[in-house]
2 protein chains.
Amino acid sequence: MDETILSAIIARRIGPGTRLGEVKLAELFGVSRTRIRETMMRLAARGIVQVSARRGWYVVEPSVEEAREAFQARRIIEVGIVQALHPLSGTEIALLRAHLAAEGEAVRTGDVCAGTCLLGDFHTRLAEILGNRSLIEMLRDLTARTVLISMLYQPNERAIESNADHHAIVAALERADMDAAARLMAEHIDKVEAGLDLAAKPDPLDSLRESLNAQTDPRHPLPKGFAA
Amino acid sequence: MDETILSAIIARRIGPGTRLGEVKLAELFGVSRTRIRETMMRLAARGIVQVSARRGWYVVEPSVEEAREAFQARRIIEVGIVQALHPLSGTEIALLRAHLAAEGEAVRTGDVCAGTCLLGDFHTRLAEILGNRSLIEMLRDLTARTVLISMLYQPNERAIESNADHHAIVAALERADMDAAARLMAEHIDKVEAGLDLAAKPDPLDSLRESLNAQTDPRHPLPKGFAA
DNA sequence: GCTAAGCCTCTTGCATACAACCTGATGGGC
DNA sequence: GCCCATCAGGTTGTATGCAAGAGGCTTAGC
């Protein structure tokens, strides 16, 4: 169940701020609320959902600050992974190449679900090749958060560019040029982050709030708690 | 409750393999099993405990393989954090110095609980200075796992050495020599990992298993599932 | 027309009850 | 004496029930 929901998020089928009602999910999965709650607890521990007391469970809506932190974390971890990688075997290169092909296919055909899944999975693949389960899990959660961030702040898709970046990274790995691969990875993540509009509003309310704050003057104070 | 249990682990008051009975914990915390289970679910998602079907919850006993992975993850993340750090302000240096003093005090007085807590927290402090909550959480979980690992595989305490290493790292940070700090951090983590006896058995059974496997011959096959 | 108070519904928070199962003990058969 | 089947105790797995609270709607007051 956890993975079903997580996959749905990574595939952009569930967006940030989506309400996940216990009863509805229980019916959907054909189980009782108890098990749904357990799933939600686990997902909450992983930073995927959060609970609003007696209101419901919601997919997290990362703030601009959290978005920056997530990208910083990914940058640190993924560059570290590439640096820690030994020269790849032929099998491993072949696996990555196959993945890149699938990515390219999904991107070309405009299959958004498969596309974001595969683009995200690419990064997990590297952790898998390193064989570090701790890092794999961290990266999977960070990927989910990154997808949510892009749904909030990314004005336009950059799937093609990402796929190209991935190709460049794999090429460097194939040359066993780990330093270049690490540099390309850092640039790739920076590029994705730069492609976001982190000045944008995370939800419609924020722009409203902003406009109202802009015209705030002493004669027309905002209601208490409005900007909180 | 989650934090209470986690703290107890980090302070070495609960060891690897400890059974955490739902009923007992429920009485201890004065709540029903439901809430205990929720806590366990969250801790399980963080890789701190695991459930053995209808037998109970147990604090994880990282295998040698998992131990290596945990240290690799820490190395990658913590070196990355130091590299990402901006030159530290006076306040931040003062904070770290105060922390080092507390560490030294605990180590000298032989206060194991406070000692491991503080030695572990040092690393979290750096993540806090970087201000990245994702990394802070990851590091906290990794620290807990590392403590468990050292309880399984560390023949002798190296608290004094660790404290000295921390001093050296802070000195480098004070000089704003981030590269040196990163190098020292890598060496520090490697040293701690090297101080482990990763050839040792994680539990008494393993040595037994090993001895038995050693003398296995076709005439005296081991019972089915014995080495599984 | 507008505000505000009170109610009503919906949802989670938490506890409890029962079912399923694992483990260790006991007793019968060989 | 040894082994295996059976049973009892204890523990988790899952569902359900009730209470508390948040939000929205209605309605009375101005």
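Fair warning: this is a prediction, and the values are worked out from it, not measured in the lab. Below, read A as the first sequence line, B as the second, and so on, with proteins coming before strands; counting in each chain starts at 1.
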- Query: Is B:E69 paired with B:R74 through a side-chain N to carboxylate O contact shorter than 4.0 Å?
  - Reply: no

Min and max contacting nt of DNA chain D in 5' to 3' order, chain B heavy atoms within under 4.0 angstrom, are D:dT11 to D:dT14

Any donor-acceptor N/O pair, A:H166 side chain to A:F122 backbone, under 3.5 Å = no

Check: Does B:T124 offer a backbone N or O that forms a donor-acceptor pair with the side chain of B:T143 under 3.5 Å?
Finding: no

Review point. Is the backbone N or O of B:A114 less than 3.5 Å from a side-chain atom of B:D111, with the two atoms forming a donor-acceptor pair by type?
Key: yes

In A:E193, A:H123, A:E161, the residue satisfying side chain to side chain contact (heavy atoms under 4.5 Å, CB included) with A:H188 is A:H123

Given protein heavy atoms under 4.0 Å, the one-letter contact record of nucleotides 5-15 of chain C, with B base, S sugar-phosphate only and - none, is simply ------SBBSB

Within 6.0 Å of CG in B:L28, more than 12 heavy atoms from elsewhere: yes

| task | In sequence, state the C-alpha distance, the side-chain angles, and the governing distance for B:E137 and B:R140, and then conclude on salt bridge (Lys or Arg N to Asp or Glu O under 4.0 Å). | result | CA-CA 5 Å; B:E137 279 181 33; B:R140 185 160 174 79; over 6 Å; no

